[in-house]
Structure formats: structure tokens, C-alpha cells
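A short write-up of the structure that comes next.
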Amino acid sequence: GDTIQFTAFGTNLTGYQWSFGDGAVSTQAAPAHEYAQAGIYSVQLICLSTVNLCPDTVQHPVWVLPNPVASFTAAPLEGCSPLWVYFQDQSQFAGQYHWDLGDGNTSGFASPSNVYVTPGTYTIELLVRSSNSCVDSTEITVTVHPVPMAEFSFTFAPG
């Protein structure tokens, strides 16, 4: 999803013919190109000399890394206080993790757990970062119910 800026350089160049390795082409001296998919692309540039119109060709690989995809499950999603919740990372292409556990706690582990003591609804967010510093995030909610306070009374009935 990032745009890559290509720039031809050298002396006495004209007639730029770029091939980006994914079927796209350009005749600009400094084209920008965005790859739709991750992969290794062979980028080729053919230029002509302004002096004698002789061609020169240069080719280099371009590595397009995949974007991370943040994903996780939580169990249980609701229950009574205190509620232990276990988070299981299911992200793709993630190298770093930052969890906002919704109650002021955070974690850098791939699959943390947390105990929710106070009843309420908590939004848990997972932000993942890939090795090439691209990020993605996702969130879910966990509901913690109050513990009921059961009491009873009795009277003595002689008899």
C-alpha cells in the first residue's frame, strides 16, 4: 500500500522505459508506483543516450513486504468479577505487539492475560507492528458483571 518513488539518474539520458515487474510500465524519469501485493519484483529501466541514442538497461529487485494483520481471540468475553481473560494472538506478519487491555494495563506479549476486578465494559485493543514498521490494529469488548450480593434473613419461630 505504500508508494515507491523511482528515480532514473545518470548522464545524457532520455527515453525512459520502466517496467515494474507487476505488469505496470511508465515513461517518466521519476515515476511513483504502488504494488498491490507483497513479493519480490524485478524492476527494469531502459534509457537512451542523448548523444548517440544507444540504449542502456538496468534491473534491480524490489522487495515489497506484507502488511501486518492484527487479529486475536479472547476467552471469556463476559463473566462475573473478578474475571480472568486470556488473549490469543492470531495476527499475521507481526513482529511487535502492544495491547491496551482497557483497564489501564498494557502488555507487549503476543498472548497476554488480564484480570478485570471492577464491573464494566472494557475495550481491548491490539496494535501490531511488522519488521518493516507497518502497523495494524483491532479491538473487541469484554463485559464484567458485578457479583450479586446474596443475603437472607430469618426469624426464630418457637414451637
Side-chain angles (χ1 to χ4, degrees), residues 1-9 16 18-45 58-159:
D2 289 339
T3 300
I4 300 173
Q5 182 69 48
F6 294 90
T7 304
F9 61 91
Y16 307 97
W18 292 90
S19 174
F20 298 108
D22 63 352
V25 295
S26 176
T27 57
Q28 298 175 351
H33 184 67
E34 182 179 314
Y35 289 93
Q37 306 241 344
I40 303 170
Y41 297 91
S42 181
V43 177
Q44 182 181 55
L45 170 62
V58 62
Q59 192 166 341
H60 292 289
V62 172
W63 295 69
V64 178
L65 301 175
N67 286 320
V69 178
S71 178
F72 69 96
T73 59
L77 289 175
E78 68 177 291
C80 294
S81 171
L83 181 66
W84 276 97
V85 180
Y86 300 90
F87 302 99
Q88 182 63 49
D89 173 55
Q90 296 181 335
S91 303
Q92 296 177 359
F93 312 114
Q96 295 177 339
Y97 302 88
H98 176 75
W99 293 86
D100 179 342
L101 298 170
D103 64 351
N105 290 327
T106 61
S107 177
F109 293 114
S111 297
S113 63
N114 194 44
V115 62
Y116 296 89
V117 177
T118 306
T121 300
Y122 298 91
T123 300
I124 291 80
E125 181 183 33
L126 169 62
L127 183 135
V128 295
R129 184 178 307 274
S130 67
S131 60
N132 57 329
S133 296
C134 294
V135 297
D136 189 34
S137 65
T138 189
E139 61 185 37
I140 63 167
T141 58
V142 169
T143 303
V144 180
H145 304 290
V147 174
M149 299 301 285
E151 292 192 31
F152 68 91
S153 64
F154 66 94
T155 57
F156 178 70

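Quick caveat, the model's predicted, so the values are computed rather than measured.
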To the nearest 0.5 Å, how far apart are [atom1] in [X] and [atom2] in [Y]?
{"X": "F93", "Y": "C134", "atom1": "CZ", "atom2": "SG", "result": "12.0 Å"}
{"X": "F20", "Y": "L45", "atom1": "CZ", "atom2": "CG", "result": "9.0 Å"}
{"X": "H98", "Y": "L126", "atom1": "NE2", "atom2": "CG", "result": "9.5 Å"}
{"X": "D103", "Y": "I124", "atom1": "CG", "atom2": "CD1", "result": "8.0 Å"}
{"X": "L101", "Y": "Y116", "atom1": "CG", "atom2": "OH", "result": "4.5 Å"}
{"X": "S113", "Y": "W84", "atom1": "OG", "atom2": "CH2", "result": "5.0 Å"}

Query raised in the report: For E139 and T123, does a side-chain donor sit closer than 3.5 Å to a side-chain acceptor?
Result: no

Query raised in the report: Just by distance, do the side chain of W18 and the backbone of V43 share a donor-acceptor pair under 3.5 Å?
Result: no

Query raised in the report: Ignoring hydrogens and geometry, is there a side-chain-to-backbone donor-acceptor pair from T7 to A30 under 3.5 Å?
Result: no

Shortest non-hydrogen contact from [X] toward [Y]:
{"X": "S137", "Y": "L127", "answer": "CB-CA, 4.0 Å"}
{"X": "P119", "Y": "P146", "answer": "CG-CA, 3.6 Å"}
{"X": "P158", "Y": "F156", "answer": "CD-O, 3.5 Å"}
{"X": "V85", "Y": "A74", "answer": "CG1-CB, 4.0 Å"}
{"X": "Q90", "Y": "T73", "answer": "OE1-CG2, 3.4 Å"}
{"X": "R129", "Y": "V135", "answer": "NH1-CG1, 3.4 Å"}

**Report entry** Residue Q37 excluded, over 12 heavy atoms near CD under 6.0 Å
**Finding:** no

Report task. Specify whether Y35 and H33 have parallel, tilted or perpendicular ring planes, treating 30° as the upper limit for parallel and 60° as the lower limit for perpendicular. Result -> perpendicular

Query raised in the report: According to the interplanar angle, ranging from 0 to 90°, do the rings of F72 and W99 count as parallel (below 30°), tilted (30 to 60°) or perpendicular (above 60°)?
Result: perpendicular

